[in-house]
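Everything on this sheet refers to the single structure shown next.
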Amino acid sequence: MSISSPPRAADVLADLGPLEQLRAGRLGRRLPQLLLGLWLYGSAMAMFVRSGLGLDPWDVLHSGLQQLLGWSFGTVVIAVGFLVLLLWIPLRQWPGLGTIANAVVIGIATDATLSVIPAAPSWPVAWGLLAGGLVVNGLAGALYIGSQLGPGPRDGLMTGIARRTGWSLRLVRTGLELSVLAIGWVLGGAVGIGTVVYALAIGPLVQFFVPFVAVRLDRPAEAR
């Protein structure tokens, strides 16, 4: 007897507006999954910070701003999230419930996890934190994406620019991440081998997890 492979991410993720996301049902499953995914995402970010091996491009920016402003890492994450949401206005993007939750919960979770995880005392521990953070981050991203309650501020900025300009998502994402990486590096943000490892590994990890955790919806917008 053959074992069927899980469906592709594109087959289980619906393209719904903010109100359609809420009307699609199964909120008793989707809301807790969203919050769990966002909390784990923030925890993974803290693991990257404590590894001392480098951060993903947006967190390099957050790290640089933290040094400039003297705020906690999580506070910077929240502030940048809401600033990015302002850029949605000229793009005529509408945030979903998950978008707002993303802007708040991840920063809180990051600070909470940083308060209990010390800096890595050795290279093996640092690499363990980096590897563990990558897996947790991949699963967390799949969980909140799979809840289908709206993209995060940064992902929504990427898709909004691509939609308005006609540029490819790959081009827009690369341009955005190189830009925030450069700004963060100039501000003294933490760039290292972990930055490269994250860039190479996170996409495949999220793609692997999404089919297993995405909540199947009735896609009401298509049925009407």
When you compare the side chain of L97 with that of Q21, does any pair of heavy atoms fall below 4.5 Å? no
For D155 and T159: C-alpha separation, side-chain torsions, deciding distance, then whether side-chain contact (heavy atoms from CB on, under 4.5 Å) applies. CA-CA 6 Å; D155 289 336; T159 56; 5.6 Å; no
Would you call F208 and P204 a side-chain contact if the rule is heavy atoms closer than 4.5 Å? no
Would you say that L143 contacts W39 through its side chain, given a criterion of any heavy-atom pair below 4.5 Å between the two side chains? no
Could you report the tightest heavy-atom contact between Q148 and R30, atom names first, then the distance? O-NH2, 2.7 Å
Rounded at 0.5 Å granularity, tell me how far CH2 in W123 sits from CG in L53. 5.5 Å
Can you tell if the side chain of I78 reaches within under 4.5 Å of the side chain of I108, non-hydrogen atoms only? yes
Side chain to side chain contact (heavy atoms under 4.5 Å, CB included) test vs T195 passes for just one of L181, D59, D56, namely L181
Joint hydrophobic cluster, W185 plus I193, side-chain heavy atoms closer than 4.5 Å: yes
Atom of G133, atom of A44 and distance for their closest heavy-atom approach: O-CB, 3.5 Å
Measure from the side-chain N and O atoms of Q33 to the backbone N and O of V213, and report whether any donor-acceptor pair falls under 3.5 Å. yes
N137 vs F48 side-chain heavy atoms within contact, under 4.5 Å: yes
Take a 6.0 Å sphere around CH2 of W88 and say whether it holds more than 12 heavy atoms from other residues, nucleotides or ligands. yes
Let me check something: do V135 and F212 share a hydrophobic cluster, defined by ILVMFWY side-chain heavy atoms less than 4.5 Å apart, either directly or through other members? yes
Against R154, only a single residue in L176, V180, N102 fulfils side chain to side chain contact (heavy atoms under 4.5 Å, CB included); can you say which? N102
The test is side-chain contact (heavy atoms from CB on, under 4.5 Å); show your working for F82 and V104 and say whether it passes. CA-CA 9 Å; F82 279 102; V104 176; 3.8 Å; yes
When you measure from the side chain of E177 to the backbone of P57, do you find a donor-acceptor pair of N or O atoms at a distance under 3.5 Å? no
Quick one: do L149 and L27 satisfy side-chain contact (heavy atoms from CB on, under 4.5 Å)? Show the steps, please. CA-CA 9 Å; L149 284 166; L27 288 178; 4.1 Å; yes
Note: L134 and I202 closest approach over all heavy atoms is O-CD1, 4.2 Å
Nearest non-hydrogen partners of A109 and G42, listed with the distance: CB-CA, 4.0 Å
Same cluster or not: L68 versus V186, using hydrophobic residues (I, L, V, M, F, W, Y) connected whenever any side-chain heavy atoms lie under 4.5 Å apart? yes
Would you find more than 12 non-hydrogen atoms of other residues, nucleotides or ligands less than 6.0 Å from W127 atom CH2? yes
Would you say T174 and L171 make side-chain contact, with heavy atoms under 4.5 Å? no
What distance do H62 atom NE2 and Q67 atom CD have between them, rounded to the nearest 0.5 Å? 14.0 Å
Any side-chain to backbone donor/acceptor pair from T99 onto P151? Under 3.5 Å, distance only. yes
Could you tell me whether the side chain of T75 and the main chain of W71 form a donor-acceptor pair under 3.5 Å? no
Got V84 and W58 here, is their nearest side-chain heavy-atom distance under 4.5 Å? yes
Closest non-hydrogen atom pair between A140 and G37, with its separation: CB-O, 3.2 Å
Side chain of R50, backbone of L130: donor and acceptor closer than 3.5 Å? no
Any side-chain heavy-atom pair from L187 and L65 closer than 4.5 angstrom? yes
So how far is it from L36 CG to L31 CG, rounded to the nearest 0.5 Å? 12.5 Å
If two hydrophobic side chains count as joined below 4.5 Å and joins carry through other members, does L178 share a cluster with L61? no
Are the side chain of Q66 and the backbone of S72 linked by a donor-acceptor contact shorter than 3.5 Å? no
Heavy-atom closest contact (V60 atom, L55 atom, distance): CG2-O, 3.5 Å
Any chance CZ of R173 has more than 12 other-residue heavy atoms, nucleotides or ligands included, within less than 6.0 Å? no
